[in-house]
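For reference, the structure discussed in these notes is given below.
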Amino acid sequence: MATELKVLYASAEIFPFAGTGGLGDVGRYLPQALKKLGVDICLAMPLYRTVRERFRLEEFRKLPVRLGRRCIRTRVFLGDHQGIRVFFIDQPQYFDRPHIYGPPGEGYPDNALRFAAFCRALVALCETLSWPFRILHCHDWHTALLPLYLPERRPPVLLTIHNLGYQGDFPLDVLGELGVREEVVLHKGKVNFLKAGILSSDLITTVSPTYAREIQTPEYGFGLDPYLRERSDRLLGILNGVDYSVWDPRKDPFIPSRYGPEDLYGKALCKRELLRHLGLPSDLMPKPLFGMISRLVSQKGIDLLLPLIPLLSQGGYPVVILGVGEEGYQEALKELSSKYELFKPIFAFDEALAHRITAASDLYLMPSLYEPCGLNQMYSLRYGTIPVVRDTGGLSDTVKQVDLRTGKGTGFKFRLKRPCYLLRAIRRGIKAYENRGLWRKLQRQAMAEDFSWDRSARQYLGVYRKLLQTTPR
Ligand code: ADP
């Protein structure tokens, strides 16, 4: 147990209060898993309008918050996330708005000030509580300025990077309003929150061991790789986990028929039901069904997949994609679906349908150009849905390449970022699918993989302990 360990977990997203993807998911599960290990953890996030509207909160106190020359009206509200205390930072001028970051596809022009003010408020909160936390755990650029606002005698700060592609970079003219030292935040003529966090946190984690190595290279470092290399002795990767109480085909309430590794009949029923839902004939049952659930952004490798859709359709292979994202991708997918009847894109964010597609598909497509951790490939494994992934980041760490001769492995990986290599991996997948004995073996192996949050939380606990040992209080 780790009862002596009081941690403040600060994030812009924590499900079920607010979230847009992986960051919010981690905020939902990791603190719970840490609590089970005895960590005394509290959460902190901005009080967005949607949170105020949907949750009953209790007013806690007012906070004196200054940002540069501004005085920011700030109150703290208290909430609860399954037995964990949540501090909601109420700064109406910044967070009482319809969106978390801005309207779809764009950020609010004052996002730098919004999240700087949030960080300032967290320091003020610690101060008014007389510094009860032994560790401050920050996430992504939104909380990366926190260490810069702390006094000299301060608890150690852990920064977790969930996606280096989002750095919080802003025009230089905002600098004067942030009240931070120029040399720490300045990067390529802009203010860069994440760079500041990388240089001023005591330890840095990211969400898979391979991604931790990749982001130190120019190919994956998005310009920040020199700073990450500089701090490589303080950087490590810990895989995210899966909440198997939500993602388990044996008890999933969203799917029409439940199943497990010993009896996969229910999976066939899920496939039949989804084909019907998509308006596809049931004589496609013997063909492998390809599924994908994703934000429609370039990171997810949509460009590698687009040229293959005609080939797959003409080969008689149904493909379903559930996603929302960039207009251009939606248009391209829509156009393909008007030409190829076995291709079914669905433009929605739909949790229930995500479960049904995961259960119904035979092969899961995830050709990401980069992938810090990725969750859907882990979900797919548990559902006996064999992933086809690019060999990068968390996909490298969670999917084992299938050897068609020995039948070992859990998925099909390719490395080079070209459609022909994705196609080669897909073809290997189809070949394996056509050998029923081999396919069952792969499914059983996939379903036996275990990426529980408990395993991740134990590693975070190790990092917290290391921080306490190596950082003077
Ligand atoms: P990222 O955070 O880069 O979007 P992750 O794989 O880490 O990718 O997490 C994405 C999460 O969002 C997964 O739980 C996935 O199932 C979910 N998701 C993404 N798009 C949709 C959608 N259109 N409908 C339902 N769930 C979605």
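No hydrogens, no waters, no symmetry mates; every other heavy atom, side chains included, goes into these values. Atoms within a ligand are numbered from 1 in the order they appear, just like the ligands themselves.
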**Q.** Test item: E449 and T398 side chains (from C-beta on) under 4.5 Å apart, heavy atoms
**A.** no
Open item on the list: Any non-hydrogen side-chain atom of I426 less than 4.5 Å from a side-chain atom of L365?
Closed with: yes
**Asked** Is E371 salt-bridged to K300, cutoff N-O under 4.0 Å?
**Response** yes
Compute the centroid of each ring, for F222 and then for Y370, and state whether the two points are separated by less than 6.0 Å.
yes
**OP:** Test side chain to side chain contact (heavy atoms under 4.5 Å, CB included) on Y317 and L289 and set out the steps.
**Re:** CA-CA 6 Å; Y317 301 108; L289 168 64; over 6 Å; no
Atom pairs, nitrogen or oxygen, ligand 1 to protein, under 3.5 angstrom:
unit_1   : atom_1 : unit_2 : atom_2 : d
ligand 1 : 2 (O)  : G22    : N      : 2.9
ligand 1 : 3 (O)  : R295   : NH2    : 2.8
ligand 1 : 3 (O)  : K300   : NZ     : 2.8
ligand 1 : 4 (O)  : R295   : NE     : 2.7
ligand 1 : 6 (O)  : L375   : N      : 3.0
ligand 1 : 6 (O)  : N376   : OD1    : 3.4
ligand 1 : 8 (O)  : K300   : NZ     : 3.2
ligand 1 : 14 (O) : Y379   : OH     : 3.4
ligand 1 : 16 (O) : N376   : ND2    : 2.9
ligand 1 : 23 (N) : A348   : O      : 2.7
ligand 1 : 24 (N) : D350   : N      : 3.0

One should read off an interatomic distance between L322 CG and R356 CZ, to the nearest 0.5 angstrom, of 10.5 Å
